[in-house]
Asker: 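I have a structure here, written as structure tokens, and I will follow up with some questions on it.
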Amino acid sequence: MHAFHFDTLWHDSGAMEMVVTNLSDDTVVAPRLYYGSITRTLMPSKAEGGRFVRRQANYHEYAADETMALAPGAQWHVTEHSLTRAAVHSNEGPKSGAILLSSGERGKTFVADLQAAAPQRNEASEASDLRCGVLPQAQSILVENYHAQTPPHLLVRGDLNLQREASKVSALTRRLHPLVPVPFVLAAPQGTIEVSAKLSDQRDDSYAIRFAGGAIEISHGAGQGLFYALVSLAQMMTYAQLDPKTYALPREGEISDAPRHGWRGAHLDVSRQFYKLGKVLRYVDIMAWHKMNRFHWHLTDDEGWRLEIKAYPKLTEQASATGMMESILPQLGADAAGQRGFYTQDDARRVIDQAGELGIEVMPEIDLPGHCACVVGAYPELLDTEEELESYHSVQGFGNNALNPAMDLSYTFSEKVLGEVCDLFPFDVVHVGGDEVADDAWMKSPKAEAMMKETKLKGTFELQAHFLRHLQQFLASRGKSIGGWEEMAHGGGVKTENCLLFAWTTVEKTAELAEAGYDVISTPGQAYYLDMAQSSDWCEPGASWAGVTPVTQTYSFEAQNDSPALAKHLKGVQGCVWSEHLTTMERVNHMVFPRLSAIAEAGWTDAEGKDFGRFETIARLMPRL
């Protein structure tokens, strides 16, 4: 896919200059530009640098010379002098546009704002109460003064990788904050503050930003450091526009920063409530804005199977639906009629691709062996026919909802499903759940009884551990590690090698798992489960099995404690969005934010760098779903 960045500049003479930057790896020959603008070309055209082709109302098209070759990083300038009107606002320039290639391909094109004829004056503010608008809080902020008026744009040019990342962050900013100017442009009037970057020997995801009046210099590690630096700059620019009395762009000084934890995760349960693809993509965008880097996509549960699996079409034909005529009756959705929905594998690739562009890995969760009520509803042959119906019930009340480790079909089904998942998701951890199997599951199954006699396994959890160790071995054969909830350590557990467990029931479980030798992610219900009610008020929505969790409690929680094992095995922190109570988008936003922002800061900012008053002020400006 070819990629381009499209800037427009207004000139005092009344001309409009269009600048196309080639962000692709390939040279493009004789491109065409089309765009829609309410400031229109007046025929006959008086264009320089390109040939006017046609116009229909607001549609315009220009062609480059047939011999022009636009190299990677090079720019094509077209200036139109014949216009129907003078632009007086930035939105009177191109609103949309793209590059047409000679092959007929339409290149992916980001369209920046129309820029004014001259940049704002570069003066320092003497206000002592201005702040640097960044969340998570950076490790070190040493600012001498701020710009008296934050400019609308920063200029990025020269280095192709820097231009690509800046265009990407501008696109992210527009999606999340569409009413503010995009932070970065690749062409600008003389005098615009310029951003440069250089690779240094810092840690992979670390960065430093030095402000020197009319210039900004980034130094960064080889990982995502450049991206994170540009997100920080984009936040500074955005929040200075939204709240100029509190925030401004530094004029002189330096910021240095690095993440505290390698795993900075956010989970989303799309089974209990189905979120359309656009909302999932926005969730990923919000994660990137918070510098989070692991998206835990909870794709299956009792109430619905949400991922296309080609080997088992009934999973999306039947198991993706609840309703009066379905095997799973209407549950906790906003609509009493039930709900239906799933993601195609192409949908999943779109999420993976967008997340990857933003430095986020996607970890899929396929819940096994429990939480499979919708699965056995669609494929009843996965049940032991000699076992009584509803011989056991899960904590949520579903009968016989766990795949039976004594049945060959359980292994065949799981391997085929996980095989497709491994092919689809490039991340090296696949989460298989392993949680909340009823403690008497399979105890009335003749097949399970016979297996226990033959293998000497005892009880539900030893059977479950046997099943999960098989899945661990299968995933290892596909080059993957197994992930799961803390119950995967029960019944003898899975092997500690190539395994990542998520501690959730108590704050102490993280250290317990680490001391048992497991790599672990801290996500305790008492702090990081975002379906927990935020107060004990009767009308406050949410669950309460882990108590109430106000944002102050989420913000102050520290996963690291005195256990020496955590120094080795604590891999990070994660917020979990369980959707039983999130029946409207208003409830989602009320319960997830600002607590997700608090978890993002815990993943990045050392304890001594936390300040709830500062956090609370900026968190209200962060984007919502």
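Just so it is clear, the values below take in all heavy atoms, side chains as well, and ignore hydrogens, waters and symmetry mates.
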Asker: Classify the side-chain pair Q574/H267 by whether it contains a donor and acceptor separated by less than 3.5 Å.
Answerer: no
Asker: Please report the interatomic distance OG(S232) to CE(M237), rounded to the nearest 0.5 Å.
Answerer: 13.5 Å
Asker: Does the ring of F615 carry K610 above it, NZ/CZ under 6.0 angstrom from centre and within 45° of its axis?
Answerer: no
Asker: Spell out, as yes or no, whether a donor-acceptor pair under 3.5 Å connects the side chain of S140 to the backbone of S256.
Answerer: no
Asker: I need the single residue from E486, E487, Q526 that forms a side-chain hydrogen bond (donor to acceptor under 3.5 Å, both in side chains) with T505. Which is it?
Answerer: E486
Asker: Just do the side chain to side chain contact (heavy atoms under 4.5 Å, CB included) check on L513 and F502 with the steps written out, would you?
Answerer: CA-CA 9 Å; L513 291 170; F502 293 71; over 6 Å; no
Asker: Thinking salt bridges, do R349 and D346 make one under a 4.0 Å N-O criterion?
Answerer: yes
Asker: Please give me the minimum heavy-atom distance between A234 and T173, naming the atom from each residue.
Answerer: CB-OG1, 3.6 Å
Asker: Can you name the ring-ring contact (aromatic ring centres under 6.0 Å, His included) partners of Y275, sequence neighbours left out?
Answerer: none
Asker: How about Y379 and Y312: do any of their side-chain heavy atoms sit closer than 4.5 Å?
Answerer: yes
Asker: I'd like to know whether D301 forms a side-chain hydrogen bond (donor to acceptor under 3.5 Å, both in side chains) with H371, so could you lay out the CA-CA distance, the side-chain angles of the two residues, the decisive distance to 0.1 Å, and finally the verdict.
Answerer: CA-CA 5 Å; D301 218 299; H371 288 290; 2.6 Å; yes
Asker: Look up atom OG in S206 and atom CD in Q224, then write down how far apart they are to the nearest 0.5 Å.
Answerer: 12.0 Å
Asker: What distance separates N498 CG from L475 CG, expressed to the nearest 0.5 Å?
Answerer: 10.0 Å
Asker: What residues, two or more places apart in sequence or in another chain, satisfy ring-ring contact (aromatic ring centres under 6.0 Å, His included) together with Y518?
Answerer: none
Asker: Run the numbers on E420 and R478 for salt bridge (charged side-chain N to carboxylate O under 4.0 Å, His left out), then give the verdict.
Answerer: CA-CA 11 Å; E420 290 193 31; R478 300 296 302 267; over 6 Å; no
Asker: Apply side-chain hydrogen bond (donor to acceptor under 3.5 Å, both in side chains) to E365 and H296, showing your working.
Answerer: CA-CA 7 Å; E365 180 178 355; H296 180 168; 2.7 Å; yes
Asker: Taking the side chain as everything from C-beta on, heavy atoms only, tell me whether D302 gets closer than 4.5 Å to D367.
Answerer: no
Asker: Please name all residues satisfying side chain to side chain contact (heavy atoms under 4.5 Å, CB included) with N161, sequence neighbours left out, ordered by chain then number.
Answerer: D159, E165, L226
Asker: Per the salt bridge (charged side-chain N to carboxylate O under 4.0 Å, His left out) rule, what does the pair list look like for residues 502-516, sequence neighbours excluded?
Answerer: K509-E512
Asker: One thing to verify: whether R175 and D285 come together as a salt bridge, which I'm taking to mean a side-chain N less than 4.0 angstrom from a carboxylate O.
Answerer: yes
Asker: Is there a donor-acceptor contact under 3.5 Å from the side chain of R282 to the main chain of R624?
Answerer: yes
Asker: Looking at CD of Q345 and CG of D423, how far apart are the two atoms once the value is rounded to the nearest 0.5 Å?
Answerer: 8.5 Å
Asker: So, using ring-ring contact (aromatic ring centres under 6.0 Å, His included) as the criterion, who are the partners of F425 when residues are at least two apart?
Answerer: none
Asker: Regarding R260 and E558, does a basic nitrogen lie under 4.0 Å from an acidic carboxylate oxygen?
Answerer: yes
Asker: Applying side chain to side chain contact (heavy atoms under 4.5 Å, CB included), run through M488 and I482 and close with a yes or a no.
Answerer: CA-CA 10 Å; M488 293 223 312; I482 194 169; 4.0 Å; yes
Asker: Testing R272, Q396, Q339 for side-chain hydrogen bond (donor to acceptor under 3.5 Å, both in side chains) with E303, which one passes?
Answerer: R272
Asker: Flag the pair D25 / P72 as yes when at least one side-chain heavy-atom distance between them is below 4.5 Å, and no otherwise.
Answerer: no
Asker: Flag the pair R614 and E616 as a salt bridge only when some basic side-chain nitrogen lies within less than 4.0 angstrom of an acidic carboxylate oxygen.
Answerer: no
Asker: Hey, is the main chain of D611 close enough, under 3.5 Å, to the side chain of Y555 for a donor-acceptor pair?
Answerer: yes
Asker: Is there a side-chain hydrogen bond (donor to acceptor under 3.5 Å, both in side chains) between E361 and W263 once you walk through the steps?
Answerer: CA-CA 10 Å; E361 301 279 5; W263 186 290; over 6 Å; no
Asker: Quick one: CG on L176 to CD on Q235, what's the gap to the nearest 0.5 Å?
Answerer: 10.0 Å
Asker: Quick one: are D257 and Y228 in side-chain contact, heavy atoms under 4.5 Å?
Answerer: no
Asker: Got a sec, which residues hit ring-ring contact (aromatic ring centres under 6.0 Å, His included) with Y283, two or more places apart in sequence or on another chain?
Answerer: F295
